[in-house]
There are 2 protein chains.
Amino acid sequence: MASIKDVAHHAGVSVATVSRVLNDHPSVRANTRDRVLTAVADLGYRPNAVARSLRTDQTRTLGLVISDVLNPFFTELARSVEDEARALGYSVVIGNADERPDLQDHHVRTLMDRRIDGLLVSPTDGGSPLMLDAARSGTPMVFVDRWIRGVDVPVVRTDGRGAVRDLVAHLCALGHRRLAIIAGPAATTTGRERVEAFRSALREFGLALPADHIGQGDFQADSGRRMTARFLDLPEPPDVIFAADNLMALGAMDEIRARGLRVPDDVALAAFDDIPWFVHTDPPITAIAQPTGELGRAAVRALIDRVEGRTTDSVILSARLVTRRSCGEPEGSKP
Amino acid sequence: MASIKDVAHHAGVSVATVSRVLNDHPSVRANTRDRVLTAVADLGYRPNAVARSLRTDQTRTLGLVISDVLNPFFTELARSVEDEARALGYSVVIGNADERPDLQDHHVRTLMDRRIDGLLVSPTDGGSPLMLDAARSGTPMVFVDRWIRGVDVPVVRTDGRGAVRDLVAHLCALGHRRLAIIAGPAATTTGRERVEAFRSALREFGLALPADHIGQGDFQADSGRRMTARFLDLPEPPDVIFAADNLMALGAMDEIRARGLRVPDDVALAAFDDIPWFVHTDPPITAIAQPTGELGRAAVRALIDRVEGRTTDSVILSARLVTRRSCGEPEGSKP
DNA sequence: CTGAAAGCGCTTACAG
DNA sequence: CTGAAAGCGCTTACAG
């Protein structure tokens, strides 16, 4: 592969001059510039980004550690992050934590070793020592979707409180009284917040959330299946299962179907996070939709602000309820 | 951030010695080694991967350019690629082409500028000049799923021929006679091969594939919707629509539902690529399943073989038909 | 407007 | 067993 030296030689100038034209430095004579550009084209020269990064101490790369690539919510988030970053002149490298703190740490470490300019994380846990170090190390960082308490890092997330309340109102209006939730890990903010929002909405409607109606999932499909089995084995099973993400809703569907039960007749089902397939499931699934694209874009803007030395605030967007048939006939239909 | 110089100073040795212990060079006295390790721990030192790469001319990173992150097939592929690569000591950086040749080229260029050790690509087109250059440039490369003709690069892919024939047999057994396909871009191998396999299976069963029963899609959802609309507007619409990937099947479902039609009563539907949600759609969707995980792992092994100077062959796995209810009652049920 | 030189943080032959 | 030195491919003050 041709190096800057080859180009310099070919153009009959010094490497400094080649570097200048490559970086659009104004003080290069037009004629010199043309000679260099010709040499670049002739040799098919491409600057070595590794060498440039070492020298300039910047990689123009952002790291993104997501909780689970198999979760369409995160995949859509990753997409919008990459789009916005590219528009602003940055690349992004993604690490998939697969909901495992150890894997998350692995990726944070690898990314920092590569000297990425900034780190976007949706933490799978409450903050490992490594993660805390990273946050304090001076590498610009922003949390997206999930965050860690007690760390001075901006957060870009969705507040699902209102939508969860709307969901509970919807469920009560349909006559449901025994509501259960499959929660995410208590170590994650969204794991905790969604249960809390659910609990306080229930309270508002005069309902309780007994311990055996809280299933401890891990945001992945299998746990949704296991928790659903546990609920359905209860002497008095719940009327409704609310899955705190779409993967656990998938697991719930698997279990319900395996038992030959029907949604919503035997159990109603609702999910946090909306995905295109929810329109086509049997029945279509009521879900809480996040403004995922905007979330990703806002997170990138916040991170790049930090990277480039500007200040940023946290941003909180809001989710909305999308009601479909999985909890019973929607308002306005025949009973 | 501490550098190797700081560690050397702290431990009272030269940077060469520090480098040696970091790289497990045998000729370091145990005592020296311990002193260095202590300094490393004290300073929280992490080697700068950028500097190391510049010096060693290897990044221990693989590039993966996938056609579309929003497609669960590619997302699962990416997952298995990353898993296998990590197990073999490599990182992977993913570029999402979003089915756009220009974006694909952007990522190939960026990845090569970063001097990744090897490139895994599922091309979105028939081979841009840049792609052809890359293949010839000496950077180890392997195609996965899709490939480019006339380029000497190993291919790891699935042969769907047998499964497509099984699908057509299944459809004929159910009495369908007017079969249509929503194909992928003709510039892609899978775009062409799936139509070809479909056409020759039809011929085998004495059926034709008229031009107006071939919809030209682009592997993304919208095109599935548009082509389905076109089929349904035909004076004599097809009995069955076969979508060449799961995203176009989603689009087809959208259109069918928008018209208030039912699957399979009004039109039957089948898809290439199976996803977990196909079990829960209304009705469950008959699909052709690829061994996606194995595909990704085999591709990584092939690429790393090349990177490390070994030779590799192409590998061809096979797909299988998973029949569900979207084409009519399965064999053995009541009619 | 251009070049010679230093230096980014590593690794590795070469000496001793 | 260890160190001094060269060099990977760039960028950028410093001179001229």
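Keep in mind that the numbers below use all heavy atoms, side chains included, and drop hydrogens, waters and symmetry copies. So that the names make sense, note that chain A is the first sequence line, chain B the second, and so on, each numbered from 1.
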Visitor: Report the distance from atom CG of A/Asn31 to atom C1' of C/dC1, rounded to the nearest whole Å.
Guide: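 Taking CG of A/Asn31 and C1' of C/dC1, I get 12 Å after rounding.
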Visitor: Mind checking if B/Ser3 touches a base, just sugar-phosphate, or nothing, with heavy atoms under 4.0 Å?
Guide: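 Counting heavy atoms under 4.0 Å across all strands, the contact made by B/Ser3 is with sugar-phosphate only.
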Visitor: Applying a 4.0 Å non-hydrogen cut-off, can you work out what B/Asp57 is touching in the nucleic acid: base, sugar-phosphate, or nothing?
Guide: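 Contact class for B/Asp57: none.
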Visitor: Of the candidate nucleotides D/dT11, D/dA4, C/dG9, which contains the atom at the shortest distance from the side chain of A/Arg52?
Guide: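 The answer is D/dT11.
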Visitor: Decide, yes or no, whether a salt bridge links B/Arg115 with B/Asp57 under the criterion of side-chain N to carboxylate O below 4.0 Å.
Guide: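 No.
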Visitor: Tell me what B/Ser53 touches on the nucleic acid: a base, only sugar-phosphate, or nothing, going by heavy atoms under 4.0 Å.
Guide: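 Since no nucleic acid heavy atom lies under 4.0 Å of B/Ser53, the category is nothing.
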Visitor: Please state how far atom CG in B/Leu43 lies from atom C1' in C/dG9, giving the value in whole angstrom units.
Guide: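 Roughly 15 Å, once rounded to whole Å.
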Visitor: In whole angstroms, how far is the P atom of D/dG9 from the CG atom of B/Asp113?
Guide: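 Distance, rounded to whole Å: 15 Å.
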Visitor: Applying a 4.0 Å non-hydrogen cut-off, can you work out what B/Thr17 is touching in the nucleic acid: base, sugar-phosphate, or nothing?
Guide: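 The residue B/Thr17 makes sugar-phosphate contact but no base contact.
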Visitor: In this structure, how many angstroms lie between the P atom of C/dG9 and the CG atom of B/Leu22, rounded?
Guide: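 Going from B/Leu22 (CG) to C/dG9 (P), I get 15 Å.
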Visitor: At under 4.0 Å between heavy atoms, what does B/Val50 touch on the DNA or RNA strands: base, sugar-phosphate, or nothing?
Guide: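 Here B/Val50 touches no strand at all.
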Visitor: Nearest-Å distance, NE2 (B/His9) to C1' (D/dG3)?
Guide: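 Value for this atom pair: 16 Å.
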Visitor: Does CG in B/Asn31 sit with more than 12 non-hydrogen atoms of other residues, nucleotides or ligands closer than 6.0 Å?
Guide: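 Yes, CG of B/Asn31 has more than 12 neighbouring heavy atoms, counting only those of other groups under 6.0 Å.
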Visitor: Using the closest heavy atom to pick a nucleotide of DNA chain D for each, name whichever of B/Ala30 or A/Val15 lands nearer the 5' end.
Guide: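 The 5'-side residue here is B/Ala30.
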Visitor: Ignoring the backbone of B/Ile4, work out which of D/dT12, C/dT11, C/dG3 is nearest its side chain.
Guide: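 The answer is C/dT11.
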Visitor: Measure from NE2 on A/His25 to P on C/dG3 and round the result to the nearest Å.
Guide: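 Answer to the nearest Å: 13 Å.
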Visitor: Establish, with yes or no, whether the OP1 or OP2 oxygen of C/dT12 is under 4.0 angstrom from a side-chain nitrogen or oxygen of B/Ser19.
Guide: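 Answer no for this pair, as no side-chain N or O of B/Ser19 is under 4.0 Å from OP1 or OP2.
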Visitor: Report the secondary structure of DNA chain D in dot-bracket form, marking unpaired bases with a dot and bases paired to a different strand with |, and treating Watson-Crick or G-U pairs with both distances under 3.5 Å as paired.
Guide: |||.||||||||.|||
Visitor: With no hydrogens and no angle check, do the side chains of A/Glu82 and B/Asn96 hold a donor and an acceptor under 3.5 Å apart?
Guide: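 No pair is found: no donor N or O on one side chain lies under 3.5 Å from an acceptor on the other.
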Visitor: Which whole-number value in Å describes the distance from A/Arg60 CZ to D/dC10 C1'?
Guide: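 After rounding, the reported distance stands at 17 Å.
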Visitor: From the options D/dC10, C/dT11, C/dA5, select the nucleotide whose nearest atom is closest to the side chain of A/Ala51.
Guide: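 Nearest to the side-chain atoms of A/Ala51, counting from C-beta on, is D/dC10.
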Visitor: Would you say C/dC1 has OP1 or OP2 under 4.0 Å from some side-chain N or O of A/Ser27?
Guide: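 Negative; the distance criterion is not met.
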Visitor: Is any N or O donor-acceptor pair between the side chain of A/Arg115 and the base of C/dG9 shorter than 3.5 Å?
Guide: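 Counting by modelled atom types and ignoring angles, no donor-acceptor contact under 3.5 Å is found here.
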Visitor: Before accepting this row, confirm whether a basic side-chain N of the pair B/Arg46/A/Asp113 lies closer than 4.0 Å to the acidic partner's carboxylate O.
Guide: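 A salt bridge is present here (some side-chain N lies under 4.0 Å from a carboxylate O).
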Visitor: With DNA chain D as reference, determine whether A/Lys5 or B/Pro26 sits nearer its 5' end, using the nearest nucleotide of each.
Guide: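 Final value for this comparison: B/Pro26.
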Visitor: Does one side chain, of B/Gln290 or B/Thr158, offer a donor that lies under 3.5 Å from an acceptor on the other?
Guide: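 Present: a donor and an acceptor within the cut-off.
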Visitor: Between B/Leu54 (CG) and D/dT11 (C1'), how many Å, whole number?
Guide: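 The distance from CG of B/Leu54 to C1' of D/dT11 comes to 13 Å, rounded to the nearest Å.
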Visitor: Side chains of B/Val65 and B/Leu120, heavy atoms from C-beta outward: is any pair under 4.5 Å?
Guide: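 B/Val65 does not reach B/Leu120 side chain to side chain.
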Visitor: Taking atom NE2 as the centre, does A/His10 end up with more than 12 heavy-atom neighbours from other residues, nucleotides or ligands that are less than 6.0 angstrom away?
Guide: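 Yes, NE2 of A/His10 has more than 12 neighbouring heavy atoms, counting only those of other groups under 6.0 Å.
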Visitor: NA contact type, A/Asn48, heavy-atom cut-off 4.0 Å: base, sugar-phosphate, or nothing?
Guide: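 Answer is sugar-phosphate: A/Asn48 comes under 4.0 Å of backbone atoms only.
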Visitor: Is any side-chain N of the basic residue among B/Glu84 and B/Arg79 closer than 4.0 Å to the acidic one's carboxylate O?
Guide: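 Result for this pair is no, no salt bridge flagged.
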Visitor: Could you please name the option among C/dC10, C/dA4, C/dC8 that lies closest to any side-chain atom of A/Arg55?
Guide: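 So the nucleotide nearest the side chain must be C/dC8.
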Visitor: Between C/dG9, D/dA4, D/dT12, which nucleotide gets closest to the side-chain atoms of A/Ala16?
Guide: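 That would be D/dT12.
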Visitor: Contact class for B/Thr56 (heavy atom, under 4.0 Å): base, sugar-phosphate, or nothing?
Guide: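 Counting heavy atoms under 4.0 Å across all strands, the contact made by B/Thr56 is with sugar-phosphate only.
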Visitor: Nearest-nucleotide wise, let me know which of A/Arg20 and B/Tyr45 is further upstream toward the 5' end of DNA chain C.
Guide: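 Taking each residue's closest nucleotide, the earlier one in sequence belongs to A/Arg20.
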Visitor: Consider only side-chain N and O atoms of B/Ser67 and B/Ser122, and report whether a donor and an acceptor are under 3.5 Å apart.
Guide: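 Judged by distance alone, the side chains do pair up.
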